[in-house]
Amino acid sequence: MIPHQWNSYLIIVASFIVALVLSVYPLPLGLRWWRPEFVLLVAIYWMSVFPETISLFFLCAVGLFQDLLESVPLGQHGLSLIIVAYICIQSYQRVRNFALWKEAGWVFILVGVEQLSSNWVQGLAGRPLSGLIFLAPAITSALVWPFFRMGLDRVSGHYQIN
Amino acid sequence: MFAMIALILIGLYTTWLKPIRQQLTFLIVPFYQLTDIPRRVSDWGGDVFTSQTDLRSENESLKIELLIHQRKLLQMAALAAENVRLRQLLNATDMLQDKVLIAELIGVSPNPLSHTVIINRGSKEGVYERQPVLDAFGLMGQVIEVDEDNSRVLLISDPTHAIPVQVNRNGVRAIAEGTGDLNRLNLRHVSINADIREGDLLVSSGLGDRFPVGYPVAEVEQVVRNSGQAFARVIARPMARLDRSRHVLLVFDTHGLTPKTPAEHSAAAHLNSPETAPAAPDL
């Protein structure tokens with residue numbers, strides 16, 4: 001399971017960079033709520049492939065960088081990434097046997113958890129939230145997950161990361 | 001995890017992390033430049049693939065517009081001179097001409113709860129924190145973070161932003177708060193019998209010494225007076241096109257300067273002083 005080549009590390013880092021770019025790509029203001037949480041999706045994918053290799057410190061660093069990028073309080077995404085990663089470590093053996101649509105439902109829950117912690121921090125920062133709109137990214141993330149999963153499977157298959 | 005929570009709390013309640021953030025901005029600028037490329041390409045395409053007839057008709061309409069504005073300006077010069085004389089009679093200080101710098105929007109904050117944008121001017125061009133930002137229609141917000149080449153602007157519709165305003169018609173003062181909705185500001189603590197009507201123009205009042213006086217901020221859209229409550233609920237719509245303007249103006253504070261001597265008064269009366277470069281016209 002442990003990747004021996006530098007190749008796979010490069011792929012992992014590159015996938016996170018692409019996800020970071022997508023996470024700040026400008027969207028029309030009306031659609032801003034519906035942006036899937038790309039960084040989190042990439043993290044979930046790699047956590048399910050190499051649950052013991054991706055370190056929480058690395059995820060933490062990615063989260064902090066995302067905070068810098070989006071200019072939200074430092075630690076917001078770091079915190080949510082760690083929480084989700086911990087859930088992933090605990091559950092990856094069961095989730096591997098899920099069908100694709102069931103996996104998408106699981107992603108919906110994970111992104112929902114991430115949104116809860118993120119919005120808790122935003123509330124502390126003086127931007128309180130009302131309603132269920134915070135689940136919008138969870139819905140879109142779950143919808144793109146099957147395609148996302150197939151795309152990344154193909155990438156990792158091509159570079160023989162497994 | 002607890003380290004993260006501690007970091008969040010430190011970041012929120014102290015200013016210790018601010019210098020670190022500022023040091024690290026150079027890391028994030030490439031990302032925004034990258035995401036700006038599609039827009040630049042489409043701009044370039046729009047520039048290159050325009051038909052001559054389109055350009056001609058645009059040129060025509062711009063000429064007409066220029067003529068109209070020039071006529072207004074002629075009147076303005078006379079009015080400004082008169083204003084200076086009257087203010088001298090009243091022994092009041094001068095309304096100073098504000099210097100401005102044009103900037104372009106290069107990014108919008110991806111966080112749907114915060115209304116901030118990134119512009120392509122920074123400390124190299126003299127941009128400073130708390131500097132007011134306008135577009136062609138009204139006040140947009142203020143600068144909150146400055147980097148060498150870029151800076152971040154907090155819009156007036158952000159829920160953490162508030163701006164002192166006054167009604168242009170009668171000078172009633174109030175504070176306009178952002179609501180998190182781009183088309184809506186709330187006026188805070190307006191007494192129930194204050195003279196505010198629908199359609200009133202709210203301009204910046206200059207109280208608090210952060211925003212210059214007299215720029216349009218919002219138009220009152222709805223006034224709800226409930227006799228059971230102490231305050232009226234006033235909802236206003238920002239004049240600036242917060243989600244559409246690509247070019248913005250940065251206003252330089254001229255109030256910190258020493259009071260002008262009478263000789264300079266007459267110079268101030270001319271609206272367009274010859275030494276201003278076209279890139280930074282006086283308003």
Side-chain angles (χ1 to χ4, degrees), chain A residues 17-35 37-39 56-57 59-60 63-86 115 117-131 133-134 136-137, chain B residues 1-13 16-18 20-39 105-118 144-145 147 152 154-155 157-161 178-183 242-244:
Chain A
I17 290 178
V18 171
L20 284 168
V21 170
L22 286 176
S23 74
V24 292
Y25 189 82
L27 283 181
L29 284 164
L31 292 180
R32 278 204 304 179
W33 271 110
W34 299 91
R35 183 200 304 274
E37 292 286 332
F38 290 106
V39 178
L56 290 184
F57 283 105
L59 284 181
C60 216
L64 286 180
F65 190 75
Q66 197 186 356
D67 294 330
L68 263 185
L69 203 57
E70 301 188 1
S71 130
V72 294
L74 273 184
Q76 178 185 320
H77 287 103
L79 178 66
S80 48
L81 271 180
I82 286 184
I83 293 175
V84 171
Y86 182 73
Q115 285 294 307
S117 85
S118 285
N119 282 307
W120 172 68
V121 177
Q122 285 291 315
L124 278 185
R127 299 198 169 90
L129 173 83
S130 57
I133 184 76
F134 78 95
Chain B
M1 188 174 133
F2 291 109
M4 281 294 116
I5 294 178
L7 193 64
I8 293 168
L9 293 178
I10 291 172
L12 283 177
Y13 296 112
W16 300 343
L17 294 180
K18 218 170 174 193
I20 303 175
R21 275 196 108 112
Q22 226 137 41
Q23 292 289 312
L24 292 176
T25 13
F26 75 93
L27 282 175
I28 68 169
V29 171
F31 280 84
Y32 281 100
Q33 278 165 350
L34 196 67
T35 56
D36 196 37
I37 287 175
R39 183 189 64 73
L105 221 101
I106 58 167
V108 181
S109 158
N111 178 2
L113 284 172
S114 87
H115 293 180
T116 56
V117 295
I118 298 160
I144 49 168
E145 256 174 54
D147 179 30
R152 203 175 271 277
L154 185 70
L155 300 181
S157 59
D158 188 278
T160 59
H161 193 273
T179 56
D181 178 349
L182 271 176
N183 296 315
L242 300 177
D243 53 344
R244 268 165 287 173

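Atom OG in S114(B) sits 6.5 Å away from atom CD in Q122(A) (nearest 0.5 Å). If you take CG on L20(A) and CG on L34(B), they are separated by 11.5 Å, rounding to the nearest 0.5 Å. Here L69(A) contributes atom CG and L27(B) contributes atom CG; the two are 9.5 Å apart, rounded to the nearest 0.5 Å. Note that CG of L113(B) and OG of S118(A) are 10.0 Å apart. Values are rounded to the nearest 0.5 Å. To the nearest 0.5 Å, atoms CD (Q76(A)) and CG (L7(B)) are separated by 12.0 Å. Here the straight-line distance linking atom CD of E145(B) with atom OG of S71(A) works out to 5.5 Å at 0.5 Å rounding.
Of the two parts of L22(A), neither the backbone nor the side chain holds a non-hydrogen atom closer than 4.5 Å to a non-hydrogen atom of chain B. With a threshold of 4.5 angstrom between heavy atoms, L64(A) approaches chain B through side-chain atoms but not through N, CA, C or O. Of the atoms belonging to P30(B), not a single heavy atom falls under 4.5 Å from chain A. Only the side chain of R152(B) comes within contact range of chain A, judged by heavy atoms closer than 4.5 Å. If you measure heavy-atom distances from D158(B) to chain A, the contacts under 4.5 Å come from the side chain alone.
When all heavy atoms of L17(B) and L74(A) are compared, the closest pair comes out as CD1-CD1, 4.1 Å. Taking both residues in full, the closest heavy atoms of P159(B) and R127(A) are given as CG-CG, 4.3 Å, listed atom of the first, atom of the second, then distance. Here the closest non-hydrogen pair linking I5(B) and W120(A) is CG2-CH2, 4.5 Å. Scanning all heavy atoms of the two residues, the minimum distance from R21(B) to V72(A) falls at NH2-O, 2.9 Å. Across all their heavy atoms, R35(A) and P110(B) have their closest contact at NH2-CB, 3.8 Å. S109(B) approaches R32(A) most closely through the heavy-atom pair O-NH1, 2.8 Å.
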May I have the step-by-step check of ring-ring contact (aromatic ring centres under 6.0 Å, His included) for Y25(A) and F31(B), ending in yes or no? CA-CA 9 Å; Y25(A) 189 82; F31(B) 280 84; over 10 Å; no
Report the C-alpha separation of L9(B) and L124(A) in whole Å, then their side-chain angles, then the decisive distance to 0.1 Å, and conclude whether the side-chain contact (heavy atoms from CB on, under 4.5 Å) test is met. CA-CA 9 Å; L9(B) 293 178; L124(A) 278 185; 4.1 Å; yes
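Ranked by heavy-atom pairs under 4.5 Å with chain B, the list G75(A), S23(A), P26(A), P137(A) is led by G75(A). Comparing L12(B), I118(B), V108(B) by how many heavy-atom pairs each has under 4.5 Å with chain A, the most go to L12(B). Ranked by heavy-atom pairs under 4.5 Å with chain B, the list A125(A), S117(A), G63(A) is led by A125(A).
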